[in-house]
Amino acid sequence: MGPDGVPSQSVPWRKVLWERQPFPDNYVDQRFLEELRRNEGIRQYRYWAVVKEAGFVGQQLSCVAIFITLWLYMEQGLLSPETLLWTSLSCALPGYGLYQVLTAQTESCSESRTHLADSQSAVLFLSFTFGFSPVLKTLTESVSTDTVYAMSALMLLAHLLSFPYAHPSPPGSLSLNAALFASVCLASRLPGALHTFAMLTCALLVFALWPCLLQRLRENAPGHFTGACVGVCVGGVGGLGSQSPGGAMLLSLALVSVTLICPLLLVSLQRHKDNIQGPWDEAEIQEDLSRFLH
């Protein structure tokens, strides 16, 4: 027997549980820490790559700012619903064409059937929205304006928090429903039913269709994706600045923090990671067991 009641090394210790050995249950030999591994599989981030991915978060903030700016212009009578509808249509058609071109690079499908299905969905949505616009206009008449604004702010915040930034195509149901609910609340405070219809149509383009196109750009045209994010951010700050300089300043600070400062913190803190693996971890079965699953 060795010191502290540990058997001498004439009897080798084995790391097994199914045999009785002359060692205490908590005994390990000097080879135990030889299997220690640090930071195995840790992903090393590059600053500009992280900034590029964070641009999706920044442009989504700017999309919300653009939508609020359009609503403010319509509420003040500076933007007519006809102008917004024609502008939305002039943006939707080229965007749809670009989406089809980018999709054709990665997927093979029946183009005629896809176009027909998309056209039917668009006509169905526009018809129902236009038909129910008078109802949506009076939906929150019994609710105070302050409550409507508070609900809209909470729903837009929920949209930003629940948005699937990693895979935004299609947008998550929770984030999309929250954005559309906020759109209905805000549109109900506009002067007429046509204003409501135009605002909801714009909300569909901004919160449902635009993320799908941007995801295609990120996959197939990274350079254009960066330019689109920068353009949306500039448009959001400029549009909000025309209505509220203070709001534009806050949005600028938020964009700088999200797209520049937070990636810098993420990259700089990588060197402080100390993730260890060793024989104390749970066992991982490396053998291919797929033959037993048939």
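No experiment lies behind these values; they were computed from the predicted model shown. Numbering of residues begins at 1 and proceeds along the displayed sequence.
Contact detail for Ser133 and Phe197: the closest heavy-atom pair is OG-CB, 3.2 Å. Scanning both residues, Tyr149 and Leu186, for their nearest heavy atoms gives CD2-CD2, 4.2 Å. Pairing each heavy atom of Ser80 with each of Thr83, the nearest pair is OG-OG1, 2.7 Å. Contact between Leu266 and Gln270 at its shortest, heavy atoms only, is O-CG, 3.3 Å. Of all non-hydrogen atoms in Val232 and Ser62, the two that sit nearest each other are O-CB, 3.4 Å. Heavy-atom minimum distance, Ser188 versus Thr140: OG-OG1, 2.6 Å.
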* Check the pair Arg46 / Val267 against side chain to side chain contact (heavy atoms under 4.5 Å, CB included), numbers first and verdict last. => CA-CA 7 Å; Arg46 293 177 299 170; Val267 173; over 6 Å; no
* To do: Go through the steps for Val57 and Gln60 under the test side chain to side chain contact (heavy atoms under 4.5 Å, CB included), then give the verdict.
  => CA-CA 5 Å; Val57 182; Gln60 199 63 27; 5.9 Å; no
* Asked: Would Met199 and Phe67 count as a side chain to side chain contact (heavy atoms under 4.5 Å, CB included) if you check the C-alpha gap in whole Å, the side-chain angles of each, and the deciding distance to 0.1 Å?
  -> CA-CA 9 Å; Met199 205 72 237; Phe67 179 78; 3.4 Å; yes
* Starting from the C-alpha separation in whole Å, work towards a yes-or-no answer on side chain to side chain contact (heavy atoms under 4.5 Å, CB included) for Leu161 and Leu157. => CA-CA 6 Å; Leu161 293 178; Leu157 179 61; 4.1 Å; yes
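Of the possible polar contacts, one joining the Thr196 side chain to the Ala187 backbone as a donor-acceptor pair under 3.5 Å is found.
By the criterion of side-chain heavy atoms lying less than 4.5 angstrom apart, applied directly or through intervening Ile, Leu, Val, Met, Phe, Trp or Tyr residues, Trp48 is grouped together with Val50 in one hydrophobic cluster. Connection of Leu204 to Leu200 is not established within any shared hydrophobic cluster, with ILVMFWY side chains joined at heavy-atom distances below 4.5 Å, either directly or through further cluster members. Linking Ile, Leu, Val, Met, Phe, Trp and Tyr whenever their side-chain heavy atoms come within less than 4.5 Å puts Tyr165 and Leu251 in one cluster. Cluster annotation: Val206 and Leu209 are assigned to distinct hydrophobic clusters (Ile/Leu/Val/Met/Phe/Trp/Tyr, side-chain heavy-atom contacts under 4.5 Å, transitive). In the hydrophobic cluster analysis, where Ile, Leu, Val, Met, Phe, Trp and Tyr join through side-chain heavy atoms closer than 4.5 angstrom, Leu160 is grouped together with Leu156.
Between Leu269 and His272, some side-chain heavy-atom pair lies under the 4.5 Å cut-off. At least one side-chain heavy atom of Gln76 sits under 4.5 Å from a side-chain heavy atom of Gln243. Side-chain contact check for Tyr47 versus Ser268: every heavy-atom pair is 4.5 Å or farther apart. Within the 4.5 Å cutoff, the side chain of Met74 has heavy atoms near those of the Pro81 side chain. Annotation: side chain of Leu85 is in contact with side chain of Leu194 (closest heavy-atom distance under 4.5 Å). Contact annotation: the side chain of Glu53 never approaches that of Pro263 to less than 4.5 Å [non-hydrogen atoms, C-beta and beyond].
To the nearest 0.5 Å, the span separating CG on Leu265 from OG on Ser257 amounts to 9.5 Å. Remark: Leu213 CG to Tyr96 OH distance equals 12.5 Å, nearest 0.5 Å. Considering CG of Leu214 and CD of Gln59, their distance stands at 4.5 Å, rounded to 0.5 Å. In this structure, Cys212 SG and Leu217 CG are separated by 11.5 Å, a value rounded to the nearest 0.5 Å. One finds the CG atom of Leu240 at 8.0 Å from the CG atom of Leu72 (value rounded to the nearest 0.5 Å). In this structure, CZ in Phe225 is found 10.5 Å from CD in Glu219, a value given to the nearest 0.5 Å.
Checked against Ile66 for a side chain to side chain contact (heavy atoms under 4.5 Å, CB included), the options Ile68, Leu70, Thr69, Val64 give a single hit: Leu70.
Using cut-offs of 30° and 60° on the angle between ring planes, the pair Phe163 and His159 is perpendicular.
A donor and an acceptor atom, one from each side chain of Ser90 and Thr87, are nowhere located under 3.5 Å apart. Under the 3.5 Å distance criterion, with hydrogens and angles disregarded, a donor-acceptor pair is assigned to the side chains of Ser242 and Tyr73. Inspection of the His195 and Glu75 side chains reveals no N or O donor paired with an N or O acceptor under 3.5 Å. Of the N and O atoms on the side chains of Ser175 and Ser162, not one donor lies less than 3.5 Å from an acceptor on the other residue.
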